[in-house]
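Beneath this line is the structure, given in structure tokens, with notes to follow.
Starting from 1, each residue takes its place in the sequence as its number.
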Amino acid sequence: MNIVIGIIIGIVAGGGVGIWLTTSVLRNRLLAKSQEVLRDAEEKGEIIKKDKILQAKEKFLQMKSEHEKQVNEKNNALRDEERKLKQREQSLNQQVNELQKKNNEIKQVSDNLNNQIEVLRKRQAEVEKVYNESIEKLEHIAGMTAEEAKQNLIESMTEEARNEAANSIIDIVEEAKITANEEAKKIVIQSIQRTATEVAVENTVSVFNLENEEVKGRIIGREGRNIRALESLTGVEIIIDDSPDAIIISGFDPVRREIARLSLHKLVTDGRIHPARIEEVVAKTRRQIEQEIAEVGKRTCIDLGITNMNHELMRMIGRMKYRSSYGQNLLQHSREVANLAATMASELGLNPKMAKRAGLLHDIGKVPETDPEMPHAIFGMKLAEKYKENPDICNAIGAHHDEVEMTNLISPIIQVCDAISGARPGARREVVEAYINRLKKLEDMAMSYPGVVKTYAIQAGRELRVIVGADKVSDTEANKLSLDLSRQIQNEMTYPGQIKVTVIRETRAVNYAK
């Protein structure tokens, strides 16, 4: 046992010594290897260091060479500039010398001119002296001064020029009047002939025919409830009298009359007539009329070839169908004015499409849904401006009754065409008594002014001629009388179209040769 233990101890001791010897050998080898690697690294570092130093020296030498090159180039440029400056200096010196020479020459010329001017002044003084002596001799001979003679000559020539100018102006004005009147008459006649339309006078009542008399009682209803409901809903007066098989619908608003007529027709056809049914039928008929109004406005614009019209304006054009002015249908009147205006504009070389558009819209202010507190021409102009119409068209609408100043040539054309359409025989209806009273009032109004001798209302009251005494009224007073009378008529009377006021002052010189 002890032997075994000794053997084991020997083996362990031998292994430990072997390991130690092996470790010592490996350590020595590693140490030698690391020293060798360190030496190699130091050698490579030295080599790299030397290469970097050489590269730096080469870079320094290159930069130094480039810097010296740039310095040389700048020095050369400075030397060139210096040489150019010296050349310019020499050139300026030469120019200064030349200028000095020219200055000396100019001084010499100036001295010579001064001498000549002095001589001329002396001669001028001598001439003035001789001239004054001559004037004095002439004044002594003529018996008047030179200023007086000059003034007489100027006055004589001025008077002669005035007479010639006045005669020329009279001739020109007379020729222009003759030519303008002939041309205007020609254009108006051609326009009227080319735009012939039928004339129909609108009534203020509509007649609704019945099949039998029994329907009247059903329309009246128990204690008049049906007829009262119908009148209150439509805003018209329904007259049921002894007229056989007929009911009269009275009202100044044609739209309301038409709604009442159509509603009655539907109620009588349906047979159910009571307040609730009446309300339903009237509301439905009103919507139908509104649709028809829109369709009429659209169709009118298409017929006249007018495009890009605002829908609200087209609806107002449709409402014209149910409006009348002095018995003349407003839509028919506006279409007629549009066609007349287009014809006149073509004859005058203006834009016929713009004139036609202005003619159709000129009375648009007569069909408002509310009652504006302003003339229809002004209201129509504001409507056109609101819906972005052309400024010339807006002015033509506002100026066709002279409420605003005319600013373009379309405006007087619309005014004239409006008067032509309203003045057609039978176009407008007036009671004979009212017509006669209006003529008499015109003449009496003119006779109330001092200096008036006679008055004549002619052309169906569209012109008033006033004859004044030449010894009582001067030309200036005649113009003022015409203006005052036209203003009084405009403020105090109601009339269709316009009234022309003509004041005539005639002077006659009569002598007899014996």
Side-chain angles (χ1 to χ4, degrees), residues 198 200-212 215-216 218-221 224-240 245-304 306-307 309-325 327-335 338 360-361 363-371 380 383 387:
E198 296 181 359
V201 176
E202 296 287 325
N203 296 316
T204 58
V205 296
S206 299
V207 178
F208 181 74
N209 295 316
L210 303 173
E211 294 181 357
N212 53 66
V215 180
K216 288 184 179 181
R218 296 172 58 193
I219 293 173
I220 294 172
R225 286 185 300 174
N226 291 345
I227 193 170
R228 285 199 300 271
L230 190 58
E231 287 180 342
S232 64
L233 289 171
T234 58
V236 299
E237 183 181 1
I238 299 176
I239 302 172
I240 300 177
D245 300 330
I247 293 176
I248 297 175
I249 304 170
S250 178
F252 287 99
D253 190 334
V255 177
R256 295 176 182 176
R257 291 205 316 272
E258 185 66 11
I259 292 173
R261 188 186 69 80
L262 291 176
S263 299
L264 272 174
H265 176 73
K266 292 179 180 178
L267 289 168
V268 171
T269 303
D270 182 60
R272 293 177 295 167
I273 305 176
H274 52 82
R277 177 62 178 165
I278 291 171
E279 185 176 356
E280 179 185 349
V281 169
V282 168
K284 186 176 180 180
T285 305
R286 183 173 285 110
R287 288 193 299 269
Q288 179 183 344
I289 291 293
E290 288 295 328
Q291 292 176 357
E292 183 179 353
I293 285 171
E295 184 62 28
V296 168
K298 183 178 179 181
R299 190 166 57 250
T300 300
C301 292
I302 293 173
D303 292 344
L304 294 175
I306 296 173
T307 58
M309 180 73 74
N310 184 276
H311 292 291
E312 188 63 25
L313 287 179
M314 281 197 292
R315 195 174 68 84
M316 290 184 178
I317 291 170
R319 288 176 65 85
M320 290 182 181
K321 178 183 177 181
Y322 300 99
R323 290 289 185 274
S324 62
S325 177
Q328 184 180 24
N329 183 268
L330 193 58
L331 180 59
Q332 184 64 29
H333 166 66
S334 297
R335 290 177 64 117
L360 181 62
L361 296 175
D363 271 345
I364 201 73
K366 287 185 177 181
V367 288
E369 295 183 353
T370 58
D371 293 328
L383 284 175
Y387 296 113

Does a sphere of radius 6.0 Å around NE2 in H274 hold more than 12 heavy atoms from other residues, nucleotides or ligands, not counting ones at 6.0 Å or beyond? yes
Salt-bridge contact R287-E290 (side-chain N to carboxylate O under 4.0 Å): no
Measure the CD1-NZ distance between I364 and K366 for me, rounded to the nearest 0.5 Å. 11.5 Å
Hey, what do you get for CD1 (I259) to CZ (R286), rounding to the nearest 0.5 Å? 4.5 Å
Smallest heavy-atom separation, I317 atom then C301 atom, equals CD1-SG, 4.0 Å
Distance-minimising heavy-atom pair for T285 and S263: OG1-OG, 3.3 Å
Taking atom CG of L313 and atom CD1 of I306, what is their separation to the nearest 0.5 Å? 11.0 Å
Which atom pair, heavy atoms only, marks the closest approach of L267 to I273? O-CG1, 3.8 Å
Taking C-beta and beyond as the side chain, do D303 and R335 meet within less than 4.5 Å on heavy atoms? yes
From the options R299, E292, Q291, select the one residue that forms a side-chain contact (heavy atoms from CB on, under 4.5 Å) with E295. R299
Residues M314 and M309: closest non-hydrogen pair is CG-CG, 3.4 Å
M320 and L330: which non-hydrogen atoms are nearest, and at how many Å? O-CB, 3.7 Å
For the CE atom of M316 and the CG atom of N310, what is their distance to the nearest 0.5 Å? 9.0 Å
Under 4.0 Å between a Lys/Arg side-chain N and an Asp/Glu carboxylate O for R315 and E312? yes
Taking all heavy atoms of K266 and all of V281, pick out the closest pair and write down the distance. CB-CG1, 3.9 Å
Gap between atom NE2 of H333 and atom CG of L360 - 0.5 Å precision: 11.0 Å
